[in-house]
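Quick caveat, the model's predicted, so the values are computed rather than measured. Start at 1 with the first residue, then count along the sequence.
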Amino acid sequence: MKRIYAKGKSILDEGVNCGKTSGLPKIISIKGLRKSFDGNEVLKGIDLEIDEGEVVSVIGPSGSGKSTLARCMCRLEKIDGGTVTLSGVEITSGVHDNGDIARLVGMIFQQFNLYPHLTVLRNITLSPVHVLGIPPGEAREQARELLAQVGLEDKADARPGQLSGGQQQRVAIARALAMKPRIMLFDEPTSALDPELVGEVLEVMARLARSGMTMMVITHEMGFAREVSDRVVFMDDGNIVESSAPAELLANPSQARTRQFLQRLLAGPGKAGSGVSAYGF
Ligand SMILES: Nc1ncnc2c1ncn2[C@@H]1O[C@H](COP(=O)(O)OP(=O)(O)OP(=O)(O)O)[C@@H](O)[C@H]1O
Ligand SMILES: [Mg+2]
């Protein structure tokens, strides 16, 4: 049972996919995924299945292929072998357009990638109107609702440059949710933020997790991985080394490579920090 972090009720709390669906087809099914850059194989046959409503944190050293995996899952990279099937749609078959992919999966990056010249509201309504064909009035109404959910209802008319990093990342999350994706991928969503802004973004993500959204989160926030995820996956050198419940993998990993990584993470500063999240988990 996930902890409840946020006060009050929201549409993020009312997801329909709260129950796990083991036994049913997986919402994410990756088989034998291979990807090379200039002859350098960075994904060496990844197999990964994720249940609907499951929250999976992906951890691993720099260069292990975490971002490449996420990018292949929303077709930002062309793959060299294997398949990625999302909600029964094999996105790697080449027959689906970008709109199809956008309906299935939303991705949040370390950099927020908001359009600087557009207001927050326009940033959020752009794709729903132009890709999904939602009437502008309806898209604006939905955008205001989503902004309220991420605590930014008063920022609809601001430009991204007028917002803090944490606020911009929350807008990016609202923008992704406006496409009503089945799956959300996060690639180190808090790594570019000042430490004091990390918590507000993790809070929004924790609420989204609680709503039943299927999420894959690449993170160095071990507190988030431990408290919010259903499962933690450890990647190293283009492979999934180990995958299990957070308490098991983080406290008692079965593989030596996982142990080494976690020991280094806890040992010192650097990118991975102390392993204790600013969220205060
Ligand atoms: N566009 C690219 N061209 C060439 N090599 C790339 C490209 N993108 C990634 N790589 C290489 O693929 C490997 C995996 O990179 P990736 O970004 O997936 O790692 P990561 O696990 O996300 O690392 P980090 O924790 O630093 O973000 C690295 O060796 C990287 O240099
Ligand atoms: Mg990365």
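- Other residues, nucleotides and ligands contribute over 12 non-hydrogen atoms within 6.0 Å of the CZ atom of Phe37.
- For the side-chain contact (heavy atoms from CB on, under 4.5 Å) test with Val58, the passing option among Ile218, Ile240, Leu185 is Ile218; the others fail.
- With salt bridges taken as basic N to acidic carboxylate O contacts below 4.0 Å, one links Arg182 and Glu52.
- Looking at every heavy atom in both residues, Ala156 comes nearest to Arg144 through CB-NH1, 3.5 Å.
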- request: For side chain to side chain contact (heavy atoms under 4.5 Å, CB included), just list the numbers for Ile183 and Met213, CA-CA rounded to whole Å, side-chain angles, deciding distance to a tenth of an Å, and then say yes or no.
  value: CA-CA 7 Å; Ile183 297 158; Met213 176 64 79; 5.8 Å; no
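- Legend: residues meeting side-chain hydrogen bond (donor to acceptor under 3.5 Å, both in side chains) with Arg34, ordered by chain and number and at least two apart, are Glu41.
- Listed for the Ser36 side chain is no donor-acceptor partner under 3.5 Å among the backbone atoms of Gly39.
- Applying the side-chain hydrogen bond (donor to acceptor under 3.5 Å, both in side chains) criterion to Thr68, with sequence neighbours excluded, gives no partner residue.
- The main-chain N or O of Glu54 is never found under 3.5 Å from a side-chain atom of Asp230 such that the two would form a donor-acceptor pair.
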- request: Start with the C-alpha distance between Leu163 and Lys155, add both sets of side-chain angles, then the distance that settles side chain to side chain contact (heavy atoms under 4.5 Å, CB included), and finish with yes or no.
  value: CA-CA 8 Å; Leu163 304 182; Lys155 300 294 184 189; 3.6 Å; yes
Side chain to side chain contact (heavy atoms under 4.5 Å, CB included) between Leu48 and Val233, intermediate numbers included: CA-CA 9 Å; Leu48 178 64; Val233 166; 4.0 Å; yes
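- Considering every non-hydrogen atom in both Arg259 and Pro253, the closest pair reads NH1-O, 3.0 Å.
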List the atom pairs, with distances to 0.1 Å, where a side-chain N or O of residues 171-181 and a protein N or O form a donor-acceptor pair under 3.5 Å, not counting sequence neighbours.
unit_1 : atom_1 : unit_2 : atom_2 : d
Arg175 : NH1    : Asn113 : O      : 3.1
Arg175 : NH2    : Phe112 : O      : 3.2
Arg175 : NH2    : Asn113 : O      : 3.1
Lys180 : NZ     : Gln142 : OE1    : 2.5

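- Cluster annotation: Ile108 is connected to Val55 through the hydrophobic network of ILVMFWY side chains, with a link wherever side-chain heavy atoms come within less than 4.5 Å.
- Sparse packing is recorded around CD of Glu141, with 12 or fewer heavy atoms of other residues, nucleotides or ligands lying under 6.0 Å away.
- Under the 4.5 Å side-chain contact rule for hydrophobic residues, Ile28 and Val217 do not share a cluster.
- Counting only residues at least two apart or on different chains, the ring pair (Phe, Tyr, Trp, His ring centres under 6.0 Å) pairs with a member in residues 234-256 are Phe234-Phe261.
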- request: Report the C-alpha distance between Met205 and Phe186 in whole Å, list the side-chain angles of each, state the deciding distance to 0.1 Å, and finish with yes or no for side chain to side chain contact (heavy atoms under 4.5 Å, CB included).
  value: CA-CA 9 Å; Met205 291 169 61; Phe186 295 83; 3.8 Å; yes
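- Between the Lys35 side chain and the Lys78 main chain, a donor and an acceptor come within less than 3.5 Å of each other.
- Taking the side chain as every heavy atom from C-beta outward, Phe224 and Ser57 approach each other to under 4.5 Å.
- Annotation: side chain of Val198 is in contact with side chain of Glu221 (closest heavy-atom distance under 4.5 Å).
- Following chains of ILVMFWY side-chain contacts shorter than 4.5 Å, one can reach Val241 starting from Leu262, so the two form part of one hydrophobic cluster.
- Put simply, the side chain of Glu200 does not reach to within 4.5 Å of the side chain of Leu193, judged on heavy atoms.
- Counting heavy atoms from C-beta on, the side chains of Met107 and Asp187 come closer than 4.5 Å.
- Within the hydrophobic cluster formed by Ile, Leu, Val, Met, Phe, Trp and Tyr side chains joined at under 4.5 Å, directly or through other members, Val129 stands alone, with no partner residue.
- Looking at heavy atoms from C-beta onward, Glu242 lies in side-chain contact with Leu249 at the 4.5 angstrom threshold.
- Pairing each heavy atom of Ile91 with each of Cys72, the nearest pair is CD1-O, 3.9 Å.
- By the 4.5 Å heavy-atom criterion applied to side chains, Ile101 and His96 are counted as neighbours.
- Across every non-hydrogen atom of Gly99 and Val131, the tightest pair is CA-CG1, 3.8 Å.
- With sequence neighbours excluded, the residues satisfying salt bridge (charged side-chain N to carboxylate O under 4.0 Å, His left out) with Glu49 are Lys31.
- Across all their heavy atoms, Thr214 and Gly53 have their closest contact at OG1-N, 2.8 Å.
- Taking the side chain to side chain contact (heavy atoms under 4.5 Å, CB included) definition, one finds that Pro246 meets it with Ser229, Val232, Leu250, sequence neighbours left out.
- Looking only at side-chain heavy atoms (C-beta outward), Leu69 and Leu33 come within less than 4.5 Å of each other.
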- request: Could you walk me through whether Glu90 and Ser93 pass side-chain hydrogen bond (donor to acceptor under 3.5 Å, both in side chains), step by step?
  value: CA-CA 6 Å; Glu90 193 195 318; Ser93 66; 5.1 Å; no
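- Residues Val201 and Val120 share a single hydrophobic cluster, defined by chaining ILVMFWY side chains whose heavy atoms lie under 4.5 Å apart.
- Scored by the salt bridge (charged side-chain N to carboxylate O under 4.0 Å, His left out) test, Asp100 finds Arg103 as partners (sequence neighbours excluded).
- Taking hydrophobic clusters as Ile, Leu, Val, Met, Phe, Trp and Tyr residues chained together by side-chain heavy-atom distances below 4.5 Å, Val150 shares a cluster with Met215.
- Ionic pairing of Asp237 and Lys44 is present here: one or more N-O contacts between side-chain nitrogen and carboxylate oxygen are shorter than 4.0 angstrom.
- Side-chain contact of Gln255 with Thr258: a donor-acceptor pair under 3.5 Å is absent, judged by distance alone.
- Residues satisfying the salt bridge (charged side-chain N to carboxylate O under 4.0 Å, His left out) criterion with Arg75, sequence neighbours excluded, are absent altogether.
- Leu152 CG to Leu121 CG: the interatomic distance, rounded to the nearest 0.5 Å, is 12.0 Å.
- Taking CD1 of Ile79 as the start and CG of Leu43 as the end, the distance is 9.5 Å to the nearest 0.5 Å.
- Identified under the side-chain hydrogen bond (donor to acceptor under 3.5 Å, both in side chains) test for residues 118-138, with sequence neighbours left out: none.
- No side-chain heavy atom of Leu202 sits less than 4.5 Å from a side-chain heavy atom of Val204.
- In terms of the side-chain hydrogen bond (donor to acceptor under 3.5 Å, both in side chains) criterion, residue partners of Ser243 (sequence neighbours excluded) are, by chain and number, Arg231.
- In this structure Asn239 satisfies the side-chain hydrogen bond (donor to acceptor under 3.5 Å, both in side chains) test with no other residue, sequence neighbours excluded.
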